[in-house]
Amino acid sequence: MLDIKFIRENPDIVRNACRVKNFPDVVDELLMTDARVRELKTITQTMTAEKNKISREIPSATDKAPLIQRSKEISDEIANDMAELATAEEKLNDLMHRVPQIPAASAPIGADDTANTVVKTVGTPRKFDFTPRPQWDLLDMNNWWMPEKIANTCGTRVYALCGELAELELAVQTYVIQKLIGKGFKYIDCPSITKPQTIFNAGHFIGSDMSVMNNDVFMLTDTDRCLAGTSEIIMNSLFAGEILPESELPLKFAGFSPCFRREAGAAGRDTRGLVRVHQFKKVEQFIFCRPEDSDEMHELLLNNLCEIMVDLELPYRVIANSTGDMGFNKVKMNDVEAWIPSEGTYRELGSCSSIGTFQARRTNTRFRENGTNEVKFVATLNNTGIALPRALVPIIENHQNPDGSVNIPKCLQPLMGGRTKIGGSH
RNA sequence: GGAGUCGUCGCAUAGUUGGUCUAGUGCGCCACAUUGGAAAUGUGGUAUACCGGCAACGGUAUCAAGGGUUCGAAUCCCUUCGACUCCGCCA
């Protein structure tokens with residue numbers, strides 16, 4: 001959500017944002033509705049002020065009847081305008097939730113991911129002297145998963161890791177959490193069950209009708225709860241309605257949670273393997289900060305993920321996502337992609353997003369500025385810490401040996417009891 | 001799941017026979033005074049959002065949230081949410 005004053009004063013900037021982000025332009029309708037709301041507010045408030053004045057006079061009046069009569073008349077007049085005001089406010093509220101966040105000037109302009117640009121490429125893809133196996137072959141060879149059994153038992157797009165790879169998954173998770181704790185992030189073990197409002201607060205969806213989430217979110221039947229697709233949404237709503245002291249900012253969190261996604265829009269894509277599943281696990285970085293610190297925090301979050309790529313000894317690249325690819329609520333977005341040998345390409349492992357005050361306006365999370373004592377909205381940012389099991393795909397493919405075994409990145413070896421490799425015939 | 005208590009301005013509290021409560025008090029916080037400096041003390045101030053206004057300022061709303069009764073609701077009624085205490089059940 002944007003500031004209504006900003007929209008009034010900069011309609012062209014907002015119209016342009018709608019255009020480059022590929023969302024319908026509702027600015028004119030919004031401004032007309034806003035004008036009507038303000039007009040009705042002025043009218044009803046003036047009448048209410050008079051009614052209140054009369055009510056205050058009644059207790060001490062000698063002849064109460066005429067005052068009560070007049071007060072009733074005003075009430076009737078107000079009721080009509082209030083009804084229209086309520087309708088207009090509801091419409092305005094919905095329109096406000098259809099206006100996308102303004103993208104950063106630095107973001108590439110384009111309709112979709114074909115307009116994305118590569119910011120940097122780090123590491124050189126390994127030259128194999130044998131044909132590298134795809135993830136599923138390595139999983140099969142080492143009995144690291146049980147795809148048929150799980151598909152029959154739990155359905156498709158669900159996985160179960162077993163044996164040493166399950167151990168490695170836990171090691172990666174632990175490694176990343178400990179690394180972020182070491183960088184001053186507060187570790188939160190987040191729940192996955194939440195209220196739809198929490199998802200709405202995160203601002204990924206357009207409009208005020210929450211049914212639009214149905215393609216993406218698992219609802220829990222016969223309850224008012226749903227399953228969170230990421231702990232980002234939980235952390236984002238953690239301080240809803242609060243005014244934080246500026247001295248507490250920036251607040252840095254490392255949230256861990258199981259994540260649930262319907263993937264209804266991805267039918268047929270990545271059905272094999274560990275890349276796209278209904279239930280996965282994710283360590284998520286989340287920051288609340290002063291708006292002026294957003295860019296610095298964005299770099300910090302992005303750098304953390306880049307370090308993790310290096311620690312895991314993965315060739316990777318950083319993408320600047322285009323305006324059409326970054327989504328409704330974002331100012332700036334950088335995907336981090338790891339090299340996948342079997343596909344000969346890079347694939348997304350994480351996504352670093354700067355949201356500005358867009359989410360904070362929905363959650364009403366603010367801070368009190370030190371010198372001026374002014375209350376302002378905080379800025380929020382998020383980035384993946386590690387997504388599992390997806391991150392295991394480049395790990396096992398890049399570090400595989402001809403016999404199907406996988407070398408363990410050095411940083412994970414202490415967490416694996418000192419082992420240097422898993423799988424194969426050893 | 002059953003029974004009960006309860007949600008007031010940062011914190012703690014007063015206020016529940018509806019009307020000087022546009023919410024009192026204490027603590028905290030800010031400013032000023034006093035002081036060599038501090039403590040203590042004194043005085044004043046201390047919410048958020050929105051509407052109108054160049055501004056000073058005026059107005060409206062908010063006593064968990066929403067709705068209702070009433071000329072008028074922190075106070076009465078209903079619904080929802082949340083907290084606590086017992087009981088039951090259970091990893």
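The chains referred to below are lettered A, B, ... by the order of the sequence lines, with proteins before strands, and numbering in each begins at 1.
Nearest-nucleotide positions on RNA chain B for A:Ile243 and A:Lys195 put A:Ile243 closer to the 5' end. Of the residues near RNA chain B, A:Asp224 and A:Asn364, the one whose nearest nucleotide (by heavy atom distance) lies more toward the 5' end is A:Asn364.
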Short heteroatom pairs, N/O only, protein and nucleotides 60-67 of chain B, under 3.5 Å:
| residue | atom | partner | partner atom | Å |
| --- | --- | --- | --- | --- |
| B:U60 | OP1 | A:Asn52 | ND2 | 3.3 |

Collect all protein-nucleotide pairs involving nucleotides 70-72 of chain B in which both atoms are nitrogen or oxygen and the distance is under 3.5 Å.
| residue | atom | partner | partner atom | Å |
| --- | --- | --- | --- | --- |
| B:C71 | OP1 | A:Lys72 | NZ | 3.2 |
| B:C71 | O2' | A:Ser71 | OG | 2.4 |

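Rounding to whole angstrom units, CG of residue A:Asn93 and P of B:C50 are separated by 14 Å. As rounded to whole Å, 16 Å separates atom C1' of B:G10 from atom CZ of A:Phe239. We find that CG of A:Leu244 is positioned 13 Å from C1' of B:G10, with the value rounded to whole Å. A straight line from CD of A:Glu39 to P of B:G59 spans 22 Å, rounded to a whole angstrom. Rounded to whole Å, the distance from CG on A:Asp3 to C1' on B:C50 is 12 Å. Rounded to an integer number of Å, the gap from CE of A:Met1 to P of B:A49 is 13 Å. Taking atom CZ of residue A:Arg36 and atom P of nucleotide B:C50, one finds them 21 Å apart after rounding to whole Å. B:U48 atom C1' lies 14 Å from atom CD of A:Glu374, rounded to whole Å.
Using a 4.0 Å cut-off between a side-chain N of Lys or Arg and a carboxylate O of Asp or Glu, A:Lys376 and A:Glu369 qualify as a salt bridge. Salt-bridge check for A:Lys91 with A:Asp94: failed, with every basic side-chain N at 4.0 Å or more from each acidic carboxylate O. Salt-bridge formation is not detected for the pair A:Asp25/A:Arg98: no Lys NZ or Arg NE/NH1/NH2 atom is positioned less than 4.0 Å from an Asp or Glu carboxylate oxygen.
Looking at A:Asp335 and A:Ser351, their side chains do bring a donor and an acceptor atom within 3.5 Å of each other. For the residue pair A:Ser231 / A:Glu284, no side-chain donor-acceptor distance below 3.5 Å is found, with atom types taken as modelled. At a cut-off of 3.5 Å, with distance as the only test, a side-chain donor of A:Asn382 or A:Glu232 sits close to an acceptor on the other residue. Looking at A:Asn201 and A:Ser237, their side chains do bring a donor and an acceptor atom within 3.5 Å of each other. A donor and an acceptor atom, one from each side chain of A:His298 and A:Asn334, are located under 3.5 Å apart.
The partner of B:G19 is B:C71, by the rule that a Watson-Crick or G-U pair needs both atom distances under 3.5 Å. The partner of B:C90 cannot be assigned: no Watson-Crick or G-U wobble pair with both contacts below 3.5 Å exists in any strand. Nucleotide B:A64 forms a pair with B:U80, judged by Watson-Crick or G-U wobble geometry with both contacts under 3.5 Å. Nucleotide B:U41: paired with B:A33 (Watson-Crick or G-U wobble, both distances less than 3.5 Å). As the counterpart of B:U25, B:A12 is assigned, both hydrogen-bonding distances of the Watson-Crick or G-U wobble pattern falling under 3.5 Å. Pair assignment for B:G52 gives B:C57, based on Watson-Crick or G-U wobble hydrogen-bonding distances that are each under 3.5 Å. In this structure B:A3 sits in a base pair with B:U85, meeting the Watson-Crick or G-U test at under 3.5 Å.
OP1 or OP2 of B:U48 sits under 4.0 Å from a side-chain N or O of A:Arg368.
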_Is there a ring-ring contact (aromatic ring centres under 6.0 Å, His included) between A:Phe205 and A:His97? Walk through the geometry before answering._
CA-CA 9 Å; A:Phe205 298 107; A:His97 290 127; over 10 Å; no
*Where do A:Tyr159 and A:Phe280 land on the ring-ring contact (aromatic ring centres under 6.0 Å, His included) test, with the steps shown first?*
CA-CA 9 Å; A:Tyr159 76 101; A:Phe280 59 101; 9.1 Å; no
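The same atom, C1', is picked in B:C57 and in B:U41; the two are 35 Å apart, to the nearest Å. The separation of B:G53 from B:U13, taken at their C1' atoms, amounts to 39 Å, rounded to a whole angstrom. Comparing the P positions of B:G10 and B:A65 gives a spacing of 13 Å, expressed to the nearest Å. Distance check on atom C1': B:A33 versus B:U16 gives 42 Å, rounded to whole Å. Look at the C1' atom in both B:G66 and B:C81: the space between them is 10 Å, to the nearest Å. B:C78 sits 27 Å from B:C86 when the C1' atoms are compared, rounded to a whole Å. One P atom belongs to B:G26, the other to B:G37, and the distance between them is 29 Å to the nearest Å. Here the separation of B:U75 from B:G24, taken at their C1' atoms, is 15 Å to the nearest Å.
Checked against the 6.0 Å centroid threshold, A:Phe253 and A:Tyr187 do not count as a close aromatic pair.
Counting non-hydrogen atoms under 4.0 angstrom, A:Arg366 reaches the backbone sugars and phosphates but no base.
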